[in-house]
**Student:** 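Just dropping this structure here.
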Amino acid sequence: MMTRIALFLVTLLPLAAASDVGNEGWTVPPFKCFGTTAVNKYEMTSVPSDLSGITWNPSTKTLFAVNNGDRMIYEIEYPNKLIQKWDVKALTLDLEGISALGGRKFAITDENPVKITEVTLNTDGTYSGATTLVQGITPKAASNLGFEGVTKIGTTYYAVQEVSPAKLWKLESGATAYTDLSGDLEKHATYQLKSIGGLTRGGDATDELFLMAKTYTGTGRDGSSKYYQKGIIRYKISDGTILERFGGEMCNMGQPEGLTFWKDDTSGKIRMLMVGETHEARLYEADPSCTDAIGSITNNMATCVEKKVSTATCEKTKADGGCPWTRCDKDITDHNKICTDDTPGVTDCTETQCFNRCNNTLVKGNKCTHWAYDVAEKECYIFAGCKNDKFDADYTTYAMEDPTCEKTRAKAPLGCEKRRCDKDISKHNKICTDDTPGTTDCTLDQCEDKCKKHTDFTCTTYAYDVKEKECYLFETCEGEKFDEDYSTYVLRDPTCEEPRNSTGGGGCTQRRCDKDVTPHTKICVDDCPEAQCTIDQCEIYCAQTTFTKEHAEAYCTHWAYDEVDKECYLFYGCKGEQYDDDYTLFTQSYGERTKLQGKHGKTIAKTPTCPAKSGAASNVAGAFTFLAAAALVAV
Ligand SMILES: *[C@@H]1O[C@H](CO)[C@@H](O)[C@H](O)[C@H]1NC(C)=O
Ligand SMILES: *[C@@H]1O[C@H](CO)[C@@H](O)[C@H](O)[C@H]1NC(C)=O
């Protein structure tokens, strides 16, 4: 009897230890169970920039991350210890997704051309058994907009197409083509998923997929208005319904691209790890015994705060150079035209006089905040506020003071001196104090670092008191104003404002305006060489473009160029400027525009397009064959 029990135990134990994909013993609890605070917020620096997908491998109890820049796979012990890496350049052109299949076998996806490849990653950094399943979808994915994520449940593969359209695809075992699972997700009844960055399964669940929606339209916090958000979507495979969404830290990630879940052996908790470019990582935990229901997550955790679309109000003072070719809209802004060219020498004025009038005069009873001066005519406007400032051929507008600081330590080591956000109205945390010098206080480096790692809220701005070694962290900087003791810094400058310089450099690398909210055209694409363009052409196209749908003087103000794919975006204004791994962003002033038009003409001579394929192409080929045959006869 004893022997039989012992034998039974011996056979049972290895089985339990070998729990692997499809047999992990857990599913993803309702989103509410993950709470309201990330338990870890860090940079997964063991993967170089361009982190684009991640999977937990139950058999090694490690994470496997992919990088679309160097096309390598990285094995990491949570949170950030590099174990091994594999160079898979030979297998992929644009590595975007990875999913553990059991043991050391993985599936990886290529964005372009679209495909899923199975591969075994050996412990020594070599790989074997690489097999590409099916390549290509119908209709064909737009360039650089193919599969962003992959997962396998049972014998079926699921993959997600990023955009245009965002769509879930399915590949049954042995099938020779991907089939459309979801249709265009932007047409989904619940949330309109416009762009997807990642896809994963949820433990042993067989009817659920988790999507990392980079952009979707959904009802916002006030329950009525709809706006673009980011979030994790729980998708039911059998009927295509969306059961719930999770916003949280994902709202604040620059470019979320990877998601994975696992059960931590020590704590027994289910972990949800979201990663994104460059190597952002955010971890939430849930207790599997949690009894909340699916869909019970609070609105605040489900949704993102509506992105404030910054008004283009001129914030440049005389010292900053002002805003050339701009004037506040006098139809809707309180103003006085105080100098005119009616009687030169009498009714006109100098620039200094114009400034002084703003400094000393009320405008219709309110403080003068902006003044605009026309150098040629010596005319002057003073304004109370500055609404809808836009192109004006004659005026330069100046702000009396810059209401927001927006200086990074890298660009301005002293930050914005004697300034601090208003702590009564800005969400904040006083993280270092002078209560116990040497213990509760901190250095400026530490203050900055605490801002980067803060988990209670996303810290965008920090203020430091050099004398007392005190530090404030802020979520947003409301009511910024004079403060005797503090200097204020932003982690990231939210606006680029760098033109191309005389040696062809300049601009802001890895930045692009948000194309979902900014009027734009993608004028060059990498579909074929004829549709691509050089950086010089991109700049010239900006000079030759007016967004007439906006208004007659809506001139291209920003352009973004992708050096690798030779792609070009043109923008009118720049809303929601954000991180983008591929693009460099440039501003273009009206002066530069006029200069470029002088050299290259006012309109685009020929819009870059791919040559027509079908009929026309074969006719050319036919004609060529005919000529060749004629030539042969002649010889
Ligand atoms: C603006 O006006 C104030 C008060 O009249 C004066 O003290 C200040 O010097 C003026 N600023 C400039 C730059 O002239
Ligand atoms: C132009 O920008 C590049 C960096 O993009 C910089 O190295 C170079 O010094 C700049 N040249 C001028 C003339 O400012």
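Worth saying up front: this structure is predicted, and the values here are computed from it rather than measured. Atoms within a ligand are numbered from 1 in the order they appear, just like the ligands themselves.
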**Student:** Hey, which residues fall under 4.0 Å of ligand 1 on heavy atoms?
**Tutor:**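 Protein residues near ligand 1 are Phe355, Asn359, Asn360.
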**Student:** Among Arg593, Arg500, His600, which residue satisfies the side-chain hydrogen bond (donor to acceptor under 3.5 Å, both in side chains) criterion with Glu539?
**Tutor:**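 Going through the options one by one, the only one that passes is Arg500.
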**Student:** State, yes or no, whether a side-chain contact exists between Leu93 and Pro113 at a heavy-atom distance under 4.5 Å.
**Tutor:** yes
**Student:** Between Thr503 and ligand 2, is there a nitrogen or oxygen pair with a distance under 3.5 Å?
**Tutor:**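 Yes, Thr503 has an N/O under 3.5 Å of an N/O on ligand 2.
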**Student:** Could you tell me, atom by atom, which parts of ligand 2 come under 4.0 Å of a heavy atom of Ser502?
**Tutor:**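 Counting atoms of ligand 2 from 1, those under 4.0 Å from Ser502 are 13 (C).
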**Student:** Does Gly505 reach ligand 2 with a nitrogen or oxygen that is under 3.5 Å from one of the ligand's nitrogen or oxygen atoms?
**Tutor:**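 No - when backbone and side-chain N and O of Gly505 are compared with those of ligand 2, no distance drops under 3.5 Å.
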**Student:** Does some side-chain heavy atom of Asp334 sit less than 4.5 Å from a side-chain heavy atom of Asn366?
**Tutor:** yes
**Student:** For Asn501, counting its heavy atoms only, list the atoms of ligand 2 lying under 4.0 Å from any of them.
**Tutor:** 1 (C), 2 (O), 3 (C), 8 (C), 10 (C), 11 (N), 12 (C), 14 (O)
**Student:** According to side-chain contact (heavy atoms from CB on, under 4.5 Å), who are the partners of Cys542, at least two apart in sequence or on a separate chain?
**Tutor:** Cys556, Trp559, Leu570, Gln588
**Student:** Could you list the residues that satisfy ring pair (Phe, Tyr, Trp, His ring centres under 6.0 Å) with His520, not counting sequence neighbours?
**Tutor:**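 If we apply the ring pair (Phe, Tyr, Trp, His ring centres under 6.0 Å) test to His520, skipping adjacent residues, the hits are Tyr569.
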**Student:** Are more than 12 heavy atoms from other residues, nucleotides or ligands located less than 6.0 Å from atom CZ of Arg409?
**Tutor:**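 Counting other residues, nucleotides and ligands, CZ of Arg409 exceeds 12 neighbours.
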**Student:** Are Glu448 and Tyr462 side-chain neighbours, meaning at least one heavy-atom pair lies under 4.5 Å?
**Tutor:**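 In short, these two side chains touch, coming nearer than 4.5 Å.
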**Student:** Who are the salt bridge (Lys or Arg N to Asp or Glu O under 4.0 Å) partners of Asp87, not counting sequence neighbours?
**Tutor:**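 In terms of salt bridge (Lys or Arg N to Asp or Glu O under 4.0 Å), with neighbours along the sequence ignored, Asp87 is linked to Lys89.
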